[in-house]
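Below is one structure, written out as C-alpha cells, with a few remarks after it.
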Amino acid sequence: MSLVASAFDATGQYYASVQVSLDSHTLRVQSSSDMADNFSNVYPFEKGVKIRALTWIQTPSEVSKGVKKRRMDASLEDQLIALCLENGAVHIYSPSRNEIVHKLATSNHITTSDFHHNAHSNVAYSCDIQGNLYEFNLKSWQLSKTHRPLSEETTLTRLATAVYNDQPHLVLCSHSTYLVDPADNFAVVKTLPGHVSPIHTVLNYGDDIIFTAAQGDRFINAISISKGTTVGVLVAEEPVLSIAIADNGFDMAMLAATTESGAIEIFNSPLQKQEKTAESASSPYKRKKKTVNTQKSDAKITVARPASEVAENLPIQGVSIGPKHLTLTWLEDSSVPFFDAIDWWVLAEDGTKNYKIDEDVKLEKPKPNLKFSQFSKYGHDIAAPKTYNESNAVVSSGDNLRDLETAEEDDEDEISLAERLRAIQTNGHGNAAEKTGRASTGTLTTVLSQALKSNDHSLLESVLNNKDETVIRNTILKLDSIYVGPLLDRLAEKIARNTNRQTNLAYWVKHILIFHGGSLQNSPSLNLLATTMKRKAGNLDRLLELRGKLSMMTDRLELKRELVGLETRDEDEEDADVEYIEELDDAGLLSSEEEEEDDEDVDEDEDDAMAEEDVSDDQNSDLEVESNGRKIDLSDSEESS
Amino acid sequence: MVLSDWNLNFGAGGRLLGRAQLVSTDSKFAIVPFKSQIKVYSLATRQSVRSIRLDFDLSQVVDAALSTQDPNLLYLFTRTNAVVVVNWREKLASPVVATYNLQLPAEIVRFVRFGASENEFYFIIGKSTTNNQPHTRTLLRSTNDSRTQEISTLKNVVLFAMSVDRSTLAYLTNKNQLYFQCGDGPLEMTQFAYKTPITSLAVSNAETPMIALGTSSGIIQLVYVSDSSKPQRLLKWHIGQVNCAEFSTDGTYLLSGGQEKVLVFWHLESDNQQFLPRLNGEIVDIELSASTEELYGVSLLLNGSDREFLVLSAVDLTSRLNVNGVRPKFATDVETMEKDRRRLAKNNIVLDEDTLTRIKHDFSSHFEVHPVSNHCYFPYGAHLQSYDFVRNEQISVITAAPTIQAGKVRSETSIQDPEIEQFAFSYDGKWMCTFDKLQPPEIDNLLSRNDVQYALKFWSYVEGKDRGGWSLSTKIIDPHGPGVDVVAVAPAPQSYNDGLAFVTADVKGGLRLWRPRVPKEIYQKMGKDKKLQQTAWTLRKVRNGNERTDAQNVSICWSPDASVIAIGQEVSISLIDVNTFEETPVQVPSIAGSRVRCLNIIDNYLVILARDRLVSFDLLTFRTTDLAVKVHTQPGSRNLLAADQNRGIFCVCVNYYTQTYNLRSRIFVFEPAKLEPLYVSDHDTGISSVRFASGMSSFVIVDTDSRIGILGAGVSALQEQKELDRAYKLSTLLSNAKQMASIRKTESEAENERKVLNPQIFEPILDNLEGLPLEALFDRVMKIIA
C-alpha cells in the first residue's frame, strides 16, 4: 500500500491521504466529489517528518459554548487535520490555508498513534504506542496533562468518546477496549471485550454501541458499553482494514468494511439482524452464554478494469458512507486517488426503502488518461467561466423525426424486428409478382425498384438524373407503392443535401404525390420529406416579402426620377429667387449670414418633409407589397413564358 | 415525523457587498464583506479560511481599513457612524474587539485615513448617494470619543477621489470645478478644460500630484496639479464611459476600466498601454493599496447588480482569487421590492387575509440542485453558476451558449446574449438539459429580426480532475419547430429508461420526449479505438399541441412510476400516457379553477398550485383531498413548490406583506392528503425559490437576499444534529467532570503530581550530542525529571 495514512472527513466530501513521495511524506487533500470541483491541495513535509496516522477534526468553536450553534455545513474552513508523527508530535494542518497551523509537542518522543477530538469540547487527546495518554487544550493549543491510564505497558492504538452512566468517558483501544473516566484521573471503569490483535478502528454508533476492528482480523465486534459485552460479530471474508457506518434516518443502517484484498464488504442493517437473532437465541432452548451472533457480509464491492483492458489490481483504499451515498476510493497509477459514489438504498416503486447493494457489485473502471493537463492552458484563467464549446457535439434539428418511436415498438424490440422481417418477405413476394406481371413494361421502373431494393445509390442516381418529365411521370406511374416510401426518403435526403438539384427532383416528388398520394396518406415515412419541404417552403414568405420590398424600391426610384424631372423645373424657379436675393446681397441690402442660415433651414425642412413622405410611403407600401408581388409575379411569369 | 426534527438554517450564500474589500498587508489574505458575513480568503489556496458573522447588518458598512499597528485588526465604518474593530485573523469568542459610536454632524461616506494615532480618524461625511448627485462633502477629523474638527467643506460635490496612500484628495463639483487637497491643507482649485461629462476621478500620491478624469465619451483627461505649465493630456482608448481609474503608488501607471471589460494600464511616461481583456464583467471599481503593491483588487459588475471581486497579480496579471456571491436571476429586479413597499405605504393600502399574499411583483428565480453533488446551479444569461452551499463557495461558471466575451459599448449593448430559460438534471446527475433562447438584435431592420433562435442542449458530465466538466453532447436547434418556445423541461424518474429521458413542453401545448441514442453496434465494436462516439439525444415521441394559441402557463410532471405525464395548460390539466403519448381516457375534472402554475404527482396524488389555490387530487379514487388552500401566486411561483418523492411530502413557500409592507415569507411542508402542515416556519425576507436536494434529503431554499437555506428534514441534518447535541452534552459533562476532578486534585495533590519515569523519556537527551558540553546534558536531564 503506497498510502501511509488516509481518511475521509465527516461528510465524506474531502479525502486526505499521506503518501511517500521521494523520501519525504506528502499530504494531499482533495475533494471526493468530482463534480466540477477541482479542489486539491498538496503539502510536502520536511524530510525527517514521518507520519503515522491522520484524523480530521472540527475546529473547536468557542461561540457555541453558551448557545447551541446549529450549523450543518462542514465547510473546509472549519476543518483541520491532525497528523500524528512518529516522533511523538502532533501537527495540526489547515486544508483551507494549506499550512501547518499548530504544532503540538509531547514530552515523550514516542510515536503517537491517534489523536481524538470531540467536536464541541476544547479538549483533545492523543495516545502513543507505549500507553501514554496526552490531554491538549485546544484553546491555547498546549499540552495540559499526561497520563498513563493502564498499568502495564500496552500499545494504545485508538481513542474514542462514549457516554457511560451519563458521564463522558474515553474509550482506549489496544488489544482490548477500556473505558476510562477522565474525571476520575483516567481510572479504568470497565474493560470491554477485545480482539486478538491490536484494534485499528473504533466507531461509535448511537450512544451505546461501538464497533471495533483489529489488524489482521476478520471479525468486527459490536460492543454494548452499558452491558459490557459483545452484542454482535460481523464476519468479513478477509481481514478488515477499515470500517464505516451510517444510517439514513429511516431505520436503515449499513456498515462497510474494506478488506486486505481491496474489496468492500457490505453489512446491511448490522444491528437489527442481531437483535432479531438475539431474540430467537434467547429462547429457553439455547444456553444463554452463546448469544453472541455472527453475521456474514451481504455483498461485496470490487473495482476492476473492464474485460477489454489489461487486468489490473485496483484495491479500494477507503470508504465513507453518507445518508444516501457510499463513497469509495482507489488509486490509479498507484498514486492518484479516484472516487466513485453509489447509492446504498433506493426507494422502491411501492414507496418502501430497500437496500440497493444486496449482491456483489463489480465496478468496471477503464484506465483513465492521467496525462497532465490544466485548466489554465491556453491562457484560460481559473477565474474565467468555462467557455462554450460545441465542436464535439451532435447538432440536429427539432424536426428530425427519424428516431421517433411508436407505442408498439416501445413494448418489445423483437416484435418490431419480426415485423421488419415480414415486411422484407412481402417485399420479395411483391417483387416476384411484379417481375412476372410487368417486367416488360418500363425498364426505368425496374431499374428504380432494383436500386431502391438493393439500396444502390449510384444506380438510383442514374435513374434520378433523368430530366424528361414524361419519362418521370411514366416511371412513377408504374412504380409499386412499396417503394414509394423509400424513394421519397432518398429524394428528401438528396434535396436536403443539395439545394441546386431541387427543381429536377421536385418533378419526381410531384409525380409521386400525384400517383401515390392515396397510399402515402397514412404512411409515417412522409415525416422526413414533410419537414424538409416545410423548411424549404418556410423561406418562401420571406423571399416574397423581400421581392415585394425590392420592387417597391425600384418603383420608388422610378418615381423619384420622375419627380426629379418635375423638380428640376421647380428648382429652376427657386434658383431664380436665389439669384434675385443674391442681387440684393450684392447691393448690400441683406446680411449674408442670416441668409445662409435661412437657406439651410429651408433645406432641412425640405429634407424632413421628404423623410416624412418616405415614412408614409413605407407605411403604404407595406399594404401594397402583396399586390406588387403578385403583379411582378405575373409579369415575371409572362416574361418567362 | 415530529416538528422538532425539522431544522431550517440560512447559513450559506448571500450577495457580495461590492465595497470595503481589502487585501491583508502580508498579501496572503483577502477580506471580503458579504451582506450577512465577512469572509476571509487565502490567496494561496483560493479557499475561504474564515467567515466572521457580526450581529449588525453589514450592508450598513461603507468602508473598511486595516489597522497599521496590528495587522489582525480590521476597522469597519458604517453609515450609522459606528466604527467597529474586528479581529479577522484569530478565532475568538467574539470577533468584535471594540465599537465606537461617533457623534458626527452627518453620515460617514468614506474613511480617509488614520490620524496621529489609530484613535483618530479622518472621514468624508455628507449625505450618501448612489448616482453621483451633488451633495456637500466635509473632510472631518474625529477621535473615537467624538471630538471632531472640521477641516474643509465643499458644496455640490459630484465625485471625489483619494490617492492610494490616502494623503491627497480631489473633488469635482456639479459646476465642473476641480479641487485638490493635500493632507489637511486647504482646497486648491485646479483649472481644466471641460469637454464631456466626467464619470470617474482619480488622484495620485502627493509627490507628483496628478488628477485623472474619466469621461462618458471614453477619453481620460490627465491634469498636472502642481505644474500648471504642463499641458493636460488626453488618454484615448476607451469607447464607452470610464467607470473607474486609479493611479499606481509611484504614479507611473494609471489603471482604468469601463464597459469594455478590459483593464487598461497606461504607462504615463512612455505613453504605452497594456491591456487585460475579457474579464467577467464590466469594471466598476479598482482598488490598490499602498501596502500590497503587487496585487490589484478589481470589482466587476456581472449582470444587473451582482458583483465579483477579483484579485489580480500585478506581476503576471493572472487571477489570484475571485469571490462571488450567489447569483439567482430574479424575475423582477430585487430593488423593485423597496419601491413596492414605498408605494404601498404611500397609498396606505389596508391588508386583509385575502390581499396579504397578493404580491405586486414576481421575485421568483429558477435554480436546480444537482442530485449527486448537491451543488446548486443558478442560470444567469448564457451562464450557469454552480455553487456549493455546504462549502459556501462558487464551484464554477459554465457558459451554455455562444456569447460575446468582449464588453459591449454604445450600440452594441442592444445585442442580446442567449439566455438559458429552462434546465434540468437527469435522475443520476450525469446529464443536464438546457434550453436557451437568442433574440436577434434590432440593430438593422433585417427580415430575420423576429426569428428567435431556440436551442435545446444535452450535456454530459465528463469525469477527470482537470478536464472534467459538462461537455455538450447534442444540440437541437428549434426543438419544437421554428419559432416555438419551450416553457417546461422535466427529467424522467428512474423507472423510465433508467432516468435517461427528458420531456419538453412548448407554448402550444406540444410535448416531446428525448432519449439518448444507443451507439450503433458498429461503433461499439470499435471499442478499442479510444475515440468516444458522442451520444446523440434524439426525439422519440411527439405530441403536437394546437398550432394556434400560445399558453404561457404550461407545466409538466411525471408520475413516479413514469407511466403518466400530467400537463397543465392554462386552466386545464390532462394526463398523457407515456407509452402511446396520447391522452388517457380518463379526464381530470377542472379543479384548478385558475391558471395552473405548477403540477406535481406525489404517490397517487396530483398536487396543483394554481393562481389562487393549492389543491391536491387523488388520482386513484378521483376525489379531491382535504388539502385545499387559498393563496395568491405569481407566474414564477412554480419555483416555490418542491416535492420530496421519497417521503411523499412537499414544501411550499408563500410570500406576504407585513403591516409595514415589508416582504416576509412562510415555509410550509405538507403531506399531499392533509390540510394540516407538517412543518411551518417563518422567514424574515421573501423567498425566491425552493428545490429538493435528493442527495441530502432536504429542501434548499433561496431567498431574495440570495441566501441559501437548508430545510433539513433530512437525515443528514438529523444525524448532524444528533452528533452536535451529543458533542455538546459531552463537552458540558466533561467540563463538569473537570471541575470535580480539580476539587479532588487539590485534596490529594501530592499523590497526583508524581511523574512517570521510563527509559523512553530520556531518549531526547541523547539527540544532537555533538559538541554538547556536560552542563547542557545535565540541564536536559533536569528538565525531564523536574
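Atom set for the values below is all heavy atoms of this structure, side chains included, hydrogens, waters and symmetry mates excluded. Each chain gets a letter, A, B and so on, in the order its sequence line appears, and its residues count up from 1.
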Exercise. Could you tell me which portion of A:N98 (side chain, backbone, both or neither) has an atom closer than 4.5 angstrom to a non-hydrogen atom of chain B?
Key: both
Minimum side-chain heavy-atom gap [X]-[Y] below 4.5 Å:
| X | Y | answer |
| --- | --- | --- |
| A:S396 | B:T538 | no |
| A:V395 | B:I477 | yes |
| A:K386 | B:L384 | no |

Exercise. Decide if atom NZ of A:K365 counts as having more than 12 heavy atoms of other residues, nucleotides or ligands within a radius under 6.0 Å.
Key: yes
Taking atom [atom1] of [X] and atom [atom2] of [Y], what is their separation to the nearest 0.5 Å?
| X | Y | atom1 | atom2 | value |
| --- | --- | --- | --- | --- |
| B:N374 | A:Q13 | CG | CD | 8.0 Å |
| A:R97 | B:F29 | CZ | CZ | 4.0 Å |
| B:Q405 | A:Y388 | CD | OH | 15.0 Å |
| A:T387 | B:I398 | OG1 | CD1 | 11.5 Å |
| A:S94 | B:R50 | OG | CZ | 12.0 Å |

Using non-hydrogen atoms and a 4.5 Å limit, figure out which bit of [X] sits close to chain A: side chain, backbone, both or neither.
| X | value |
| --- | --- |
| B:S694 | backbone |
| B:N280 | side chain |
| B:D506 | neither |
| B:R278 | neither |
| B:W459 | side chain |
| B:T318 | both |
| B:L539 | both |
| B:P418 | neither |
| B:R512 | side chain |

Top contributor to chain A contacts, counting heavy-atom pairs under 4.5 Å, from [options]:
| options | answer |
| --- | --- |
| B:K457, B:E308, B:K28, B:E393 | B:K457 |
| B:P493, B:P479, B:P402 | B:P402 |
| B:L456, B:L513, B:T403, B:D451 | B:D451 |

Quiz item: What is the minimum heavy-atom distance between B:I476 and A:S397, and which atoms define it?
Solution: CG2-C, 3.6 Å
Self-check item: Contact summary for A:S96 and B:S42, nearest pair of heavy atoms
Solution: O-CB, 3.9 Å
